[in-house]
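Just below is one structure, and these are the notes that go with it.
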Protein chains: 2
Amino acid sequence: MSASSSKTIGRAVLRPREQVEERIKAAILSGELKSGEMLPPETELARQFNVSRTTLREALRVLTSQRLISKVPGARGGNFVQSVDHESLGAVVIETVGNLLALGSIRFDEVADVRRHLEVPSVRLAARNRTDRDLEELGSIVAHQRRASIDDPDIPDLDRRFHSGIARASGNRVLASFVSALHHATEPVHYLDLSPEVGRETVKQHVRILRAITDQDPDEGEAAIVEHLVYLQKHLAAVV
Amino acid sequence: MSASSSKTIGRAVLRPREQVEERIKAAILSGELKSGEMLPPETELARQFNVSRTTLREALRVLTSQRLISKVPGARGGNFVQSVDHESLGAVVIETVGNLLALGSIRFDEVADVRRHLEVPSVRLAARNRTDRDLEELGSIVAHQRRASIDDPDIPDLDRRFHSGIARASGNRVLASFVSALHHATEPVHYLDLSPEVGRETVKQHVRILRAITDQDPDEGEAAIVEHLVYLQKHLAAVV
DNA sequence: GCACGTTAAATGTTCGACATCTAATGGCCA
DNA sequence: TGGCCATTAGATGTCGAACATTTAACGTGC
């Protein structure tokens, strides 16, 4: 090796809390601690790590806020390994995007644009991979939307479930989490100008999308979702 | 209102730690506490909330793990409000996707697919919105890639910077964070079969993409990135 | 002028006690 | 017999005070 380069031997020393945190996290990610399993009581765990219960609890608190464990007080309570499924990705994105929007660190349209970009492959993949189970669920949602009146408080939720349901039918769980999360994050202003006219048109477009997915026609699905997104954006732009 | 519906007046009572957490978080998100500002010392804060320092510290620990504040020990240290920029979105996604992959809750190809779907609009937008500053940076990266030999340890990093740089040039910070994060998460296996042949071809494709962005030609950019992604996937499939 | 010990102020950790939560237990009473 | 309810036990939650460690700034001596 040249004289100018030097091997790095050292590492930053870790504080007790960090070491406990890392060890438990590693145990969870490696499968050593299985999902749903209960950790030893805090007193016992603290003894094992040879740290105080206070320090141990700070480590557990971090892992809790990262959704790796959940704390349950009371008898038969304890610290349980969370089953970290793909939905936690959506939850984390919702949380962070919400913070960034509140702080003005990102603009609303940046979030909405990314969602729109993801909806296209979402529909295409759904048209290819949808199961009968998916069709049944989507059909049920659209049926509800037909019946819903303009002032129905469930409307935003139905819309979210429709778009999330498509993403889930795509078979890609990362895609599903992102679409669902971004939809959620952009929801607050989605229905500001919901007129009967817009409501009817929206349902009609949903029907077209669902038919394309049912027919397993990705191109028609893409055309339908693009029409829908353009329509929605136009009727939002008038408000925002 | 009908007899079956009932007003909800109550809310779950919050434990002391949760209340402290919510209050500080609200103060940060509302701008009451500005970015970079230092919070009062823990002893003083605990006095204000009328809780013990232990409880206060657990609240601060959660906020720290959510990147809202940072802790600095020592003289002139303290708890500082973090400037939460869009990069923290990427960091959070990297972390969570990494966990999910380790646990087998999502598959590798699901992550890679979403990244590929995002790279197309990323290049299209970059072709439209790139600044001279962006072109300069991307050009510098490609120049490095030309010079890099096959066993250069910087190659994965250069690739990540190229794709992230394009996403940043798109002008959409959410898109940039996602592309960068997903690229990072899929990096470990990106260069398993890097032959001189593949290296040369990759650089050639990068040049084509960059030229399209320079010429502000979205269609050519899309064609170039699609070619690149297909090529990479083919040379990965042989390995994985 | 620079190296280095000292100081001060903050976070980090420890300890032990008590508070609260909650499922299970077991007894009382209709 | 069966259900209601007080008790209990075992876990997390909170408290308070002391001590450890970290780190920038200060001062002192060479």
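Throughout, protein chains are lettered first and strands after them, A, B, ... in sequence-line order, and every chain is numbered starting at 1.
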Please list, for nucleotides 18-22 of chain D, all pairs of protein and nucleotide N/O atoms separated by less than 3.5 Å.
from	atom 1	to	atom 2	distance (Å)
D/dT22	O2	B/Gly74	N	3.4

Would the distance check show the side chain of A/Asn129 and the main-chain N or O of A/Gly171 forming a donor-acceptor pair, the cut-off being under 3.5 Å?
no
B/Val93 vs A/Val93 side-chain heavy atoms within contact, under 4.5 Å
yes
When you measure from the side chain of A/Glu37 to the backbone of A/Lys34, do you find a donor-acceptor pair of N or O atoms at a distance under 3.5 Å?
yes
Any sub-3.5 Å donor-acceptor pair from A/Ser177's side-chain atoms to A/His86's backbone N or O?
yes
Could you measure the distance from the CD1 atom of B/Ile69 to the CG atom of B/Leu60? Nearest 0.5 Å is fine.
4.5 Å
Any residue of residues 21-28 of chain A with a heavy atom less than 4.0 Å from an atom of DNA chain D:
none
Measure from the side-chain N and O atoms of A/Ser164 to the backbone N and O of A/Arg160, and report whether any donor-acceptor pair falls under 3.5 Å.
yes
A/Glu42 has an atom CD; how far is it from atom P of D/dG13, in whole Å?
6 Å
Ring pair (Phe, Tyr, Trp, His ring centres under 6.0 Å): which pairs involve residues 131-173 of chain A, sequence neighbours left out?
A/Phe162-A/His206, A/His163-A/His183, A/His163-A/His206, A/His163-A/His228
Less than 4.5 Å apart, any side-chain heavy atom of B/Arg168 and any of B/Glu137?
yes
Between B/Val51 and A/Asn79, the residue closer to the 5' end of DNA chain D by nearest nucleotide is A/Asn79
Grab the CD-C1' distance between B/Gln19 and D/dG13 for me, whole Å please.
13 Å
Side-chain donor/acceptor of A/Thr55 to backbone N/O of A/Arg17, under 3.5 Å
no
Distance (rounded to the nearest 0.5 Å) between A/Arg57 CZ and A/Asn79 CG:
8.0 Å
Which is more 5' along DNA chain C, the nucleotide nearest B/Thr43 or the one nearest A/Thr55? Just name the residue.
B/Thr43
Taking any atom closer than 4.0 angstrom to a non-hydrogen atom of chain A, what span of DNA chain C does the protein reach, first nucleotide to last?
C/dG12 to C/dA24
Mind running a 4.0 Å heavy-atom check of residues 56-71 of chain A against DNA chain C and sending the residues that fall below it, in number order?
none
In whole angstrom, what separates B/Leu14's CG from D/dT12's C1'?
17 Å
Please check if the side chain of A/Glu22 supplies one atom and the backbone of A/Gln19 the other of a donor-acceptor pair under 3.5 Å.
no
For A/Arg23, all residues meeting side-chain hydrogen bond (donor to acceptor under 3.5 Å, both in side chains), sequence neighbours excluded:
A/Glu32
The residue among A/Val84, A/Leu89, A/Asp85, A/Val92 that forms side chain to side chain contact (heavy atoms under 4.5 Å, CB included) with A/Arg67 is A/Val92
